[in-house]
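Here's the structure, in structure tokens; my notes come after.
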Amino acid sequence: MELIVSLLTSPWTLAALGVVAVGIYWYFGHIQQRCPHCRRFVRRAVRGWFRCPYCGRQYHRSVPRQR
């Protein structure tokens with residue numbers, strides 16, 4: 001138990017968790033986007049128009065937030 005506590009409070013472990021958090025943030029920022037209508041995460045529209053699988057409305061990456 002003592003090993004687990006020391007591992008979780010280690011600066012190296014906290015730095016590794018920070019790197020993982022930045023990677024997840026990058027993924028959601030570059031691969032995903034929020035639907036401007038229902039605000040759920042959907043695939044990023046690189047070109048053209050996509051249809052949201054949740055609300056069924058079309059979106060483009062340049063469509064401003066509706067709500």
Side-chain angles (χ1 to χ4, degrees):
M1 185 68 175
E2 200 172 296
L3 176 66
I4 294 172
V5 171
S6 67
L7 190 65
L8 290 177
T9 57
S10 166
W12 292 105
T13 305
L14 294 176
L17 288 174
V19 168
V20 168
V22 167
I24 291 171
Y25 179 77
W26 177 85
Y27 173 77
F28 278 112
H30 287 53
I31 305 300
Q32 301 279 312
Q33 77 179 54
R34 288 198 176 263
C35 172
H37 310 290
C38 65
R39 304 299 297 156
R40 291 189 182 178
F41 280 108
V42 292
R43 238 176 11 143
R44 178 170 294 280
V46 178
R47 59 185 150 136
W49 292 84
F50 285 0
R51 188 169 296 278
C52 176
Y54 302 105
C55 67
R57 297 178 72 179
Q58 288 185 330
Y59 66 91
H60 187 267
R61 69 179 184 175
S62 65
V63 173
R65 183 178 169 194
Q66 302 295 314
R67 291 196 221 176

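Computed from a prediction, not measured in an experiment: that's the story for all the values here.
- Note that CD of Gln33 and CZ of Arg39 are 9.5 Å apart. Values are rounded to the nearest 0.5 Å.
- Taking Arg51 as the reference, Gln58 meet the side-chain contact (heavy atoms from CB on, under 4.5 Å) condition, with sequence neighbours excluded.
- Between Phe50 and Tyr59, the ring-plane angle classifies as perpendicular under the 30° and 60° cut-offs.
- Tyr54 meets the side-chain contact (heavy atoms from CB on, under 4.5 Å) test with Cys38, Arg40, Val42, Cys52; sequence neighbours excluded.
- A continuous path of hydrophobic side-chain contacts links Ile24 to Ile31 [ILVMFWY only; heavy atoms under 4.5 Å].
- Under a hydrophobic clustering in which Ile, Leu, Val, Met, Phe, Trp and Tyr are joined whenever their side-chain heavy atoms come within less than 4.5 Å, directly or via other members, Val20 and Tyr25 fall into different clusters.
- In plain terms, the two heavy atoms of Gln32 and Arg44 that are nearest each other are O-NH2, 3.3 Å.
- Residues Thr9 and Leu14 approach most closely at O-CD1, 4.3 Å, considering heavy atoms.
- Hydrophobic clustering (ILVMFWY, side-chain heavy atoms < 4.5 Å, transitive): Phe41 and Trp26 are in one cluster.
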